[in-house]
Asks: 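Take this structure, written in structure tokens, and hold onto it; I'll ask about it next.
Every chain is numbered from 1 and lettered A, B, ... according to where its sequence line falls, protein lines coming before strand lines.
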Amino acid sequence: MDLSKKLNERQQFAAETLDGPVLILAGAGSGKTRTLTYRVANLIEHGVDPYHILAITFTNKAADEMRSRIQSIASGETAGVWVATFHSTCARILRTYSEYLDYSSNYSIYDADDQKTLVKNICKKLNIDTKFLSEKAIIRRISDCKDNLVSAEAFEKRDHFEFRDKQIAKVYVEYEKELKANNAMDFDDLILKTVELFKKYPPVLENYQDRFQYICVDEYQDTNNAQFEFINLLASKYQNLCVVGDDDQSIYKFRGANIRNILDFERSFPNATVVKLEENYRSTKNILGAANSVISKNINRKDKTLWTKKEEGHKVRFRQLDNAREEADFVYEDIRRDLRNRDIVLNDTAILYRTNAQSREFEERFIAGNMPYKIYGGINFYSRKEIKDVLAYLRTIDNAIDDIQVRRVLNVPRRGVGDTSIQRVAEYAADNNISFMQALRQADLIQKIGRSLKGINDFVSVIDTVSSKWEADEYEDLSDMIDDLLIISGYYDELQALDPDEAEERMGNVSEFISKAAIYTQSYREEHGTDDNPTLSEFLTEVSLVADLEEADPNLDCVKLMTIHAAKGLEFKHVYVVGMENGIFPNCLPMDEQDEEELEEERRLAYVAYTRAEEELTLTAAKCRFLRGEMNYNPVSKFVMEIEPTYIEGNIPRRTSAFGDSYSDVNPYLSRPVERKPLVGFGSLSAAQAQAKAKPKAVLYNAETKPYSKSADAEVRKTNMANNSGFAPGDKVRHIKFGEGVIKEVKTEDGRTIFSIDFEKSGTRNMDAAYVRLTKL
DNA sequence: TACTGGATTATTTTT
DNA sequence: TAATCCAGTA
């Protein structure tokens with residue numbers, strides 16, 4: 001294969017360095033996937049059996065893409081290459097060796113919801129007040145422990161100075177016990193248990209080392225410690241480990257990613273070959289210049305600079321608008337103008353924001369302007385309530401000792417089994433050391449179970465009927481079984497009883513799930529050349545490890561709206577990054593060392609955002625906006641100020657800070673600059689700091705702007721009232737969420753004007769005239 | 001057991 | 001603002 005025709009010099013070098021540890025630092029838009037694909041093809045060409053190649057990714061999407069690209073350039077031979085995500089790789093290994101860890105192979109995989117339910121139950125049992133210590137915080141800490149391979153026992157033995165930590169340790173111990181009892185693992189366990197397996201059973205490890213003699217890891221900057229350990233173990237025998245990533249695009253610290261893995265790669269593998277891919281094929285010089293000037297402010301990064309042969313292009317544009325609504329107006333009008341005057345289609349355009357909540361303003365504007373748009377990043381198909389219900393049924397059938405699932409569906413549809421009864425069954429199960437399901441089977445022996453007994457027996461019989469039919473192979477396939485289950489259980493009936501719109505939506509989702517099951521069966525049969533059904537466990541694993549998020553449909557011509565995180569890896573001709581304000585983006589401000597790290601992560605996020613743009617990059621900010629029902633005045637983002645002036649044009653505030661150019665100190669609403677106390681002080685904390693410390697995140701600005709925001713709040717309310725003053729009882733109106741309705745009453749309650757509106761779909765609601773947005777019909 | 005309304009509290013997210 | 005959750009009531 002002549003790689004020199006397909007790849008630039010650096011890429012070629014990366015694709016030809018086949019043995020030993022290799023670190024490919026692949027900047028944004030530098031042809032990373034291309035290089036990787038050719039590298040794999042090259043391995044095969046050099047006689048490496050595809051069977052010995054492992055390519056690991058984070059997402060299924062990335063795995064699919066890599067698989068199909070390898071397929072397209074390496075003729076035929078690629079079937080044996082194992083391309084999969086970390087989690088599915090580990091899940092597969094664990095299915096084979098589960099018994100070594102005292103699990104059975106049909107273990108359940110718990111997602112965030114299951115975790116939360118479990119932790120909630122445990123807290124109740126241990127009498128821990130979740131107001132004092134939230135489930136979220138507990139789960140976060142447990143996950144951190146698992147990521148660092150700290151077992152519950154080890155964590156418990158530590159000297160905890162904080163009461164909270166002691167509590168967390170208790171929950172963690174119980175959590176592990178419960179998982180084990182339920183034959184369940186959480187996502188972290190998949191990695192952790194595999195590492196455990198490898199460490200405990202060297203022959204098993206060696207088996208996989210010999211199998212995977214060439215390992216490639218994509219998006220290496222996103223790996224956490226457990227994943228690092230996993231890879232480390234696998235690669236330690238042959239040392240043929242190629243990792244690809246970009247430290248500047250490490251934006252997942254909040255879910256455990258450790259940027260040190262990529263920064264210290266050469267320390268872990270001292271004989272590593274390092275290749276930097278710095279030529280960018282995506283963006284113009286101005287866009288890259290802007291991105292580079294911002295990211296160069298980070299301390300913790302590998303030295304590199306993206307460059308391009310492309311033209312200068314347009315300067316990055318910056319616009320500060322008066323408020324969030326005008327920001328949306330501006331973007332909308334700008335896109336409209338491009339559509340009229342230039343060779344641009346909606347598909348070329350993306351709007352990126354820091355937080356999902358920001359999408360609303362744009363959505364409303366696009367609806368009003370009748371411009372096609374699509375918001376990405378809704379909820380995962382498999383985490384919809386009705387789908388989770390169906391899954392809980394299937395898990396009950398597959399793994400009856402998974403109490404969490406059984407308890408979820410015992411009373412769905414309603415069978416008259418309430419909390420009290422569930423509690424009694426749970427106690428009975430605990431007393432007799434049996435699973436919840438087993439306890440249900442003996443429900444007639446449980447004291448005071450009374451009226452619930454019939455419901456419990458109904459439930460048990462549903463599970464038994466379907467299980468035995470499935471075991472006896474009486475169903476055509478999986479989808480057939482699910483359908484039958486939902487009929488027998490009465491789940492369909494309960495869905496139908498909902499109000500029509502909701503019923504339709506949920507039924508739609510359920511039937512989509514059923515067709516997914518049918519498709520899964522079909523492809524399983526083709527792949528294995530059989531007429532058999534896949535096992536339920538296999539299907540459930542697949543479903544647990546696939547998010548099934550909506551993909552950008554290239555045929556749908558519309559503006560795409562998404563968070564910056566969701567945009568990683570994508571590119572668009574014209575990108576708008578909106579809400580460029582301190583307090584929103586960056587979301588936090590530096591208070592101490594740790595926050596400095598967070599700020600660097602935010603800066604990387606800015607870098608990711610800017611480098612999505614191919615031809616035009618527009619940054620916008622609002623002088624004020626509603627945030628959680630409160631008016632906020634935010635200065636222009638430091639990530640705008642950090643762009644070198646030659647690359648940017650627009651109404652950028654003067655840089656007059658006494659603290660370097662890291663803050664925009666000009667509040668446009670004041671005649672004098674805001675007086676700022678030093679943020680990193682010595683000795684006692686300033687009032688602002690104390691407040692920010694007690695209640696971190698984005699409050700710092702509130703602390704300073706509050707005196708002004710109150711009056712401004714009233715001001716805006718007045719304006720809004722003026723806007724809404726044209727409404728009177730009897731008016732037909734439309735609300736963005738509740739649809740059409742009629743104003744029944746306009747009343748005043750402690751100085752506020754309230755509309756009482758009768759909506760067709762959702763009945764009467766009282767809405768504050770100062771906030772509600774209505775369209776007169 | 002089911003429903004309602006007051007309190008509470010807000011990033012980013014794949015597996 | 002708006003979504004979510006739990007406590008208290010019907």
Asks: Would dT11(B) be called syn or anti here, given the cut-off of 90° from 0?
Replies: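 Syn, which is what one calls it when the glycosidic angle falls within 90° of 0.
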Asks: Who pairs with D458(A) by side chain to side chain contact (heavy atoms under 4.5 Å, CB included), at least two apart in sequence or on another chain?
Replies: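 Expected list: R415(A), K454(A).
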Asks: What is the separation between atom CZ on R612(A) and atom C1' on dT12(B), rounded to the nearest whole Å?
Replies: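 Rounded to the whole Å, the gap is 15 Å.
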Asks: Quick one: the side chain of R628(A) and the base of dT1(C), do they pair up donor-acceptor inside 3.5 Å?
Replies: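 A donor-acceptor contact between them is absent.
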Asks: Please identify each residue that fulfils side chain to side chain contact (heavy atoms under 4.5 Å, CB included) with S105(A), with sequence neighbours left out.
Replies: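 Partners of S105(A) by the side chain to side chain contact (heavy atoms under 4.5 Å, CB included) criterion, ordered by chain and then number, come out as S98(A).
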Asks: Within the 4.0 Å heavy-atom criterion, would you say E219(A) contacts the bases, only the backbone, or no part of the nucleic acid?
Replies: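 No contact.
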Asks: Taking N or O atoms only and anything under 3.5 Å, show me the protein contacts with nucleotides 13-15 of chain B, one pair per line.
Replies:
unit_1: dT13(B); atom_1: OP1; unit_2: T563(A); atom_2: OG1; d: 2.8
unit_1: dT13(B); atom_1: OP2; unit_2: N356(A); atom_2: ND2; d: 3.4
unit_1: dT14(B); atom_1: O4'; unit_2: R255(A); atom_2: NH1; d: 3.3
unit_1: dT14(B); atom_1: O2; unit_2: R255(A); atom_2: NE; d: 3.4
unit_1: dT15(B); atom_1: OP1; unit_2: N60(A); atom_2: N; d: 2.7
unit_1: dT15(B); atom_1: OP1; unit_2: N60(A); atom_2: ND2; d: 3.1
unit_1: dT15(B); atom_1: OP2; unit_2: A547(A); atom_2: N; d: 3.4

Asks: Can you tell me how far C1' of dT1(C) sits from CD of E363(A), to the nearest Å?
Replies: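 After rounding, the gap between these two atoms is 15 Å.
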Asks: Any donor-acceptor pair under 3.5 Å linking the side-chain atoms of T355(A) with those of Q358(A)?
Replies: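 Result is yes, a qualifying pair exists.
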Asks: Which word best sums up how the rings of F86(A) and F58(A) line up, parallel for under 30°, tilted for 30 to 60°, or perpendicular for over 60°?
Replies: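 Because their plane-to-plane angle lies in the 30° to 60° range, the rings of F86(A) and F58(A) count as tilted.
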Asks: Looking across every strand, which nucleic acid part, if any, lies under 4.0 Å from T89(A) by heavy atom: base, sugar-phosphate, or nothing?
Replies: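 T89(A): no heavy atom of the nucleic acid under 4.0 Å.
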Asks: Side-chain donor-acceptor contacts of residues 117-125 of chain A below 3.5 Å, not counting sequence neighbours, with atom names and distances?
Replies:
unit_1: T117(A); atom_1: OG1; unit_2: D113(A); atom_2: O; d: 2.8
unit_1: K125(A); atom_1: NZ; unit_2: E174(A); atom_2: OE2; d: 3.3
unit_1: K125(A); atom_1: NZ; unit_2: E178(A); atom_2: OE2; d: 3.1

Asks: Between C1' on dA2(C) and CD on E361(A), what's the gap in Å once rounded to a whole number?
Replies: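 Checked: the CD to C1' distance equals 14 Å.
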Asks: Between K623(A) and E581(A) (salt bridge meaning N to carboxylate O under 4.0 Å), is one present in this structure?
Replies: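 Salt bridge flag = no for E581(A) with K623(A).
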Asks: Not counting sequence neighbours, which residues clear side chain to side chain contact (heavy atoms under 4.5 Å, CB included) with A257(A)? List them please.
Replies: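 Result, side chain to side chain contact (heavy atoms under 4.5 Å, CB included) vs A257(A): Y252(A).
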Asks: Would you please test D389(A) and Y491(A) for side chain to side chain donor-acceptor pair (under 3.5 Å) and show each step?
Replies: CA-CA 9 Å; D389(A) 288 341; Y491(A) 194 80; 2.7 Å; yes
Asks: Answer with base, sugar-phosphate or nothing: what part of the nucleic acid does R414(A) contact at a heavy-atom distance below 4.0 Å?
Replies: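 Touches sugar-phosphate only.
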Asks: Between atom CZ in R603(A) and atom P in dT11(B), what is the gap in whole Å?
Replies: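 The distance from CZ of R603(A) to P of dT11(B) comes to 23 Å, rounded to the nearest Å.
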Asks: Sticking with atom C1', work out how far dC5(C) lies from dT12(B), rounded to a whole angstrom.
Replies: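 To the nearest whole Å, 23 Å.
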Asks: Report all interatomic pairs (protein N or O, nucleotide N or O of nucleotides 5-9 of chain C) with separations under 3.5 Å.
Replies:
none

Asks: Salt bridge or not for D111(A) and K388(A), using N-O below 4.0 Å?
Replies: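 Answer for the salt bridge query: yes.
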Asks: In whole Å, I'd like the distance from the CG atom of L627(A) to the P atom of dT1(C).
Replies: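 Atom-to-atom, L627(A) to dT1(C), this comes out as 14 Å.
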